[in-house]
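Reviewing the structure listed below.
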Amino acid sequence: MRMTLITILALAMVVTLAPVAQAADDGNTQLKLSSTTLFYPNDADDAVNTTGTGNVKAIRCNNIVAPITMQITVNGGTTQSFGNLGDSGADTLWIPMNLRFTSSIRVRFLNGNYYQTGGCVCTVSLGLD
């Protein structure tokens, strides 16, 4: 009876903790920073466009004159757009993302109909397996 209870508890812990372990970073990733600068109206540029496996950790944009749009495509799937990123003169600080990719990732920034005086710099922090 006692052995059955211990086995059931051990199995419950494995089932509960397995998804958490998959999402965790094992610490063996190569950390990278990748940046792009937007100046001109209707300008667009990729901060990251890579293949392989890894994890986008965080994104930061600063010196924003007018809101910009961020587009993220994970593993060649549907592009997700995040509009109105930042306010005038804003620094978004580091926005945690934790986006896991297994084949490819593309992070693209799009400028609206305004000049980004001094250049809006967007930086992506990622780890490659």
Next item on the list: Answer yes or no for C122 and C61: SG-SG distance under 2.5 Å.
Entry: yes
Next item on the list: Report whether V48 and F82 are members of the same hydrophobic cluster (ILVMFWY, side-chain heavy atoms less than 4.5 Å apart, transitive linking).
Entry: yes
Next item on the list: Calculate, to the nearest 0.5 Å, the distance between atoms OG1 and CG belonging to T36 and N49 respectively.
Entry: 11.5 Å
Margin query: Restricting to non-hydrogen atoms, name the atom on G119 and the atom on T37 that form the minimum distance, rounded to 0.1 Å.
Written below: CA-CG2, 3.8 Å
Item checked: Residue pair V56 / I105, side-chain heavy-atom distance below 4.5 Å -> yes
Notebook entry, point to check: Taking the side chain as C-beta and beyond, is there a heavy-atom pair between I68 and M70 under 4.5 Å?
Noted result: no
Note to self: Run R100 and D129 through side-chain contact (heavy atoms from CB on, under 4.5 Å) and show every step you take.
What the structure shows: CA-CA 11 Å; R100 187 82 181 138; D129 294 343; 2.5 Å; yes
Checklist line | Side-chain donor-acceptor contact under 3.5 Å, S104 with N75 | finding: no
Notebook entry, point to check: Is there a side-chain contact between T53 and L128, using heavy atoms and a 4.5 Å cut-off?
Noted result: no
Notebook entry, point to check: Is the shortest heavy-atom distance from the side chain of N42 to the side chain of N113 under 4.5 Å?
Noted result: yes
Next item on the list: Flag yes if L85 and L110 sit in one hydrophobic cluster, no otherwise; membership is Ile, Leu, Val, Met, Phe, Trp, Tyr, and two members link when side-chain heavy atoms are under 4.5 Å apart.
Entry: no
Notebook entry, point to check: Does the distance from a Lys or Arg side-chain N to an Asp or Glu carboxylate O, for D45 and R108, drop under 4.0 Å?
Noted result: no
Check: Quick one: CG on N111 to CG on L38, what's the gap to the nearest 0.5 Å?
Finding: 5.5 Å
Margin query: As an exercise, state the distance from CG of N98 to NZ of K57, rounded to the nearest 0.5 Å.
Written below: 7.0 Å
Check: Same cluster for F109 and L99 if Ile/Leu/Val/Met/Phe/Trp/Tyr side chains link at under 4.5 Å?
Finding: yes
Next item on the list: Compare all side-chain heavy atoms of V107 with those of D46 and state whether any distance is below 4.5 angstrom.
Entry: no
Margin query: Counting C-beta onward and ignoring hydrogens, is there a side-chain heavy-atom pair between Q80 and T73 closer than 4.5 Å?
Written below: no
Notebook entry, point to check: Are F39 and Y115 grouped together when hydrophobic residues (ILVMFWY) are joined by side-chain heavy atoms under 4.5 angstrom apart?
Noted result: yes
Next item on the list: Find the distance between CD1 (I64) and SG (C120) and round it off to the nearest 0.5 Å.
Entry: 4.5 Å
Check: Do you see a donor-acceptor pair shorter than 3.5 Å between the side chains of S81 and T69?
Finding: no
Checklist line | ILVMFWY network linking Y114 to V121, side-chain heavy atoms under 4.5 angstrom | finding: no
Notebook entry, point to check: Does one side chain, of Q116 or N63, offer a donor that lies under 3.5 Å from an acceptor on the other?
Noted result: no
Margin query: Given 3.5 Å as the limit, does a donor-acceptor pair link the side chain of S34 with the main chain of A47, or not?
Written below: yes
Check: Does the side-chain contact (heavy atoms from CB on, under 4.5 Å) test come out yes or no for K32 and V124, once each step is laid out?
Finding: CA-CA 8 Å; K32 303 222 180 254; V124 178; over 6 Å; no
Next item on the list: Report the distance from atom CD of Q71 to atom OG1 of T78, rounding to the nearest 0.5 Å.
Entry: 12.0 Å
Note to self: If I compare all heavy atoms of R60 with all of L93, which pair ends up nearest, and what's the gap?
What the structure shows: CG-O, 3.3 Å
